[in-house]
Amino acid sequence: MWVYPLPQGWVAYAGKTDTDNDLLSCSFARKTDYWFHAHAVPGSHVILRGPENCAPERAVLELAAAIAAWHSKARHGGSCKVDCTLAGNVSKPTGA
C-alpha cells in the first residue's frame with residue numbers, strides 16, 4: 001500500500017492491489033476513518049486517518065480525494081468524482 005503523510009497529523013493509505021483494497025476497507029480501517037474511492041471507475045481504496053476526535057479540514061479531505069482520483073482509471077480524464085464516507089459505512093457485498 002502507498003502511505004501519504006498529510007497536513008495536521010493526517011495520513012492517507014491507498015491500496016495497490018485488490019487484496020490491499022480489501023484489507024484497507026475491511027480490516028485496517030477504523031469506523032471513524034474516512035473512506036474514498038473514485039466514482040464508478042476501478043481504482044484504489046483510500047483510507048484517511050487522523051488524530052483522535054478531530055475532524056479533517058476541507059483541504060485535507062480534498063487531498064485524500066485527489067489521491068483516490070490519481071490511483072484510478074480516471075487519472076487522465078480531467079475531473080473525477082470521488083465517493084467519500086466514514087469507513088464504518090463500508091462493507092464488502094455478499095459473494096464479492
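One distance of note links CD of Glu57 with CD of Glu62; it measures 11.0 Å at 0.5 Å rounding. The CG atom of Asp33 sits 12.0 Å away from the OG1 atom of Thr85 when rounded to the nearest 0.5 Å. Atom-to-atom distance recorded for Cys84:SG and His37:NE2 is 13.0 Å, nearest 0.5 angstrom. Atoms NE2 and CG, on His45 and Leu23 in that order, are 11.5 Å from each other to the nearest 0.5 Å.
The minimum heavy-atom distance between Trp70 and Arg75, with the atom names listed, is O-NE, 2.8 Å. The two atoms that bring Asn21 and Gly15 nearest to each other are OD1-CA, 3.4 Å, heavy atoms only. Residues Asp22 and Lys92 approach most closely at OD2-NZ, 3.0 Å, considering heavy atoms. Minimum interatomic distance between Leu63 and Pro7 (heavy atoms only, all atoms of both residues): CD1-CD, 3.8 Å.
Within the 4.5 Å cutoff, no side-chain heavy atoms of Val82 are placed close to those of Val46. Within the 4.5 Å cutoff, the side chain of Phe36 has no heavy atoms near those of the Ile67 side chain. The side-chain heavy atoms of Pro51 and Trp10, taken from C-beta on, include a pair separated by under 4.5 Å.
In terms of the side-chain hydrogen bond (donor to acceptor under 3.5 Å, both in side chains) criterion, residue partners of Asp83 (sequence neighbours excluded) are, by chain and number, His39.
Clustering of Ile, Leu, Val, Met, Phe, Trp and Tyr side chains at separations under 4.5 Å places Phe28 together with Met1, Val3, Val11, Tyr13, Leu24, Trp35, Ile47, Val90.
Side-chain N or O atoms of Asp20 include one that pairs as donor or acceptor with a backbone N or O of Lys16 at under 3.5 Å. A distance-only check finds a donor-acceptor pair linking the side chain of Ser72 to the backbone of Ala74 [under 3.5 Å].
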